[in-house]
Protein chains: 2
Amino acid sequence: MSVDPPGRTGFQPVRPVRAYQRVAEQIEERILAGHLPPGSRLPAERELVRQFEVGRSTIREALRVLQSAGLIRSRPGDPLGAEVLGVSPDTLSHALGRLARSHLSGPAELIQFRMVLDAESYRLAARLHTDDDLRRLTELVDRMADCAQAAGSGNTPPDTHTFSQADAGFHRVVAEASGNALLALCARAVHDAVVDAIESTLQHARDEGGAADRMHRSTRHHRLVVEALGSRDGARAARLGRQALFDSYSPHMSPQDLTRLRAALD
Amino acid sequence: MSVDPPGRTGFQPVRPVRAYQRVAEQIEERILAGHLPPGSRLPAERELVRQFEVGRSTIREALRVLQSAGLIRSRPGDPLGAEVLGVSPDTLSHALGRLARSHLSGPAELIQFRMVLDAESYRLAARLHTDDDLRRLTELVDRMADCAQAAGSGNTPPDTHTFSQADAGFHRVVAEASGNALLALCARAVHDAVVDAIESTLQHARDEGGAADRMHRSTRHHRLVVEALGSRDGARAARLGRQALFDSYSPHMSPQDLTRLRAALD
DNA sequence: ACGATCAACTGGTCTGACCAGTCGCCTGGT
DNA sequence: ACCAGGCGACTGGTCAGACCAGTTGATCGT
């Protein structure tokens, strides 16, 4: 047993806890603990009013908090009540997006962060992937190549949808192969934040003509990554990931940001 | 001009935008754009009701959303209205914490993620730090050494408070030196999540006697990191960061987790 | 000059109401 | 027998008005 020295009693300032907070906490706890799995439904608001014994405004404010955290979604008229969504990386993206917009950081940090996360995902995947992972990745790159080929021929509009779906699938498989879901989720969140924050601000010179070109370059990059993964060369895979991001964003960066970005290159 | 192919008209499903959403968006925009700087005040709720021409519940739900995003804080009875906090990293921590609690296969992922983030912070700091950064880091390590020394002598209770404060300061300076606040914030958030998730679960064998020992080891580690930073050896600094985490947690890991942790070692 | 008091606020909560959707059932026509 | 249409009985979204407890600053009595 240790005795508190005088003046350091360890007492915590007690702050009032609002009713809506405790409601939100109880529900969030249920969701995070795995009761109330994704897809399940919350009781109707008026039913929650009875169960929690609070007013409807309190219930509604609690639900607003949960909704803004991305844990639930509600739709007017739905007789089943609000839908539980589980935890998604969207909130993380939003938080990152706000941070990137604020003075606390900037778009270059976001890119740099992506370089780190992507590279490390690749590195882990290179060491831990299975043959099946590699087969699926090859398949996805082939599909991307087909897409890019068709887009390059010019007689059909570029099917960006299929392409980006294959691209997303590629990164999903890499994530699985890396064995670290958290890393992958963060990478995705940062990716989304980058797309939101940068692509909208920067004058994106992606005319229809450039689409096929971007597809080709992206396909080539992914092909190289698969090769590096196949030879279990983690360092090379990581370098590829970093370099690709650097190449695609460096034209838009200020000289100062460029220096900092370069520091993350290898 | 390109013509939409039949069946792919590019129309977006239009979903109704709630009143509270538009209120929240308007206020968030003002905050993020720099009007309404941190420390400034929002009008009182009843005043916002007049300005936005909506009911008070709508205003309150909007404020709840902003509050749960950490952008504002309100206190009952405050005649100045809600306080603008600006963008804070707390939301990021919460989002990461939720992610960690739900999509996690085990504590190993969390540790692995920390290994990556810490290592990359060190690597960047090694390349970008200034002489002043290095001086401050040396100072902090000296303070840690003093603490560890005093705790080792045994005639006073170990001053864990001062020690952990110096430790936190160390990581803050590294974060500044790395030039990437985002990386540091995530590392911090994951650190907190680790403390929450692991230390409570694992039987933490940190009796009073072990405190001095842990302090000594931690001091030695930080000293080595400072050396690596000083010689601008990014790779070595990164390796040190990874290894330290691996060493401190590997005794508690299952053989399978160990394999995966080892994959992130270098 | 100073401390107690009080009135005018604040945000937090509750109640009750209305609206526009949504869904299930039930009925009427075929 | 079947299906379309309509009719309720719900849902969540919004509003209005009230009360409470807490904060604050001016006011008043000493």
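Values below: every heavy atom of this structure, side chains too, minus hydrogens, waters and symmetry copies. By convention in this document, chain letters (A, B, ...) are assigned in the order of the sequence lines, proteins followed by strands, and residues within each chain are numbered from 1.
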query = If only side-chain N and O atoms of B:Arg64 are considered, is one of them under 4.0 Å from the OP1 or OP2 phosphate oxygen of C:dG12?
reply =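 For C:dG12, OP1/OP2 do have a side-chain N/O of B:Arg64 under 4.0 Å.
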
Phosphate contact (C:dG12 OP1 or OP2) by B:Ser74 side-chain N/O below 4.0 Å =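 Looking at the OP1 and OP2 atoms of C:dG12, one of them is under 4.0 Å from a side-chain N or O of B:Ser74.
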
query = Taking atom types as they are modelled, is there a donor-acceptor pair under 3.5 Å from the base of C:dG12 to the side chain of B:Arg75?
reply =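 No such pair is found, so the answer is no.
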
ask   = Is the number of heavy atoms from other residues, nucleotides or ligands under 6.0 Å of B:Arg260 CZ greater than 12?
value =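 Atom CZ in B:Arg260 is crowded, with more than 12 foreign heavy atoms closer than 6.0 Å.
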
query = More than 12 non-hydrogen atoms from neighbouring residues, nucleotides or ligands closer than 6.0 Å to CZ on B:Arg98, yes or no?
reply =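 Count over threshold, so yes.
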
Pairwise distance CG(A:Asp192) to CG(A:Leu92) - rounded to 0.5 angstrom =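 Here the rounded value is 10.0 Å.
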
Quick one: which of [options] gets closest to the side chain of [X]?
X	options	answer
B:Ala44	D:dT24, C:dG11, D:dG12	C:dG11
A:Arg46	D:dG12, C:dG11, D:dT14	D:dG12
B:Val54	D:dT14, D:dC15, C:dT13	D:dC15

request  = Describe the nucleic acid contact of A:Gly77 in one word from base, sugar-phosphate, nothing, applying a heavy-atom distance below 4.0 Å.
outcome  =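 Base contact - A:Gly77 has a heavy atom under 4.0 Å of at least one base atom.
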
query = Counting any heavy atom closer than 4.0 Å, what does B:Ser57 reach on the DNA or RNA strands: base, sugar-phosphate only, or nothing?
reply =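 Base contact.
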
task = For A:Arg18 and D:dG22, give me the distance from atom CZ to atom C1', rounded to whole Å.
result =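 So the CZ-C1' distance, A:Arg18 to D:dG22, works out to 9 Å.
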
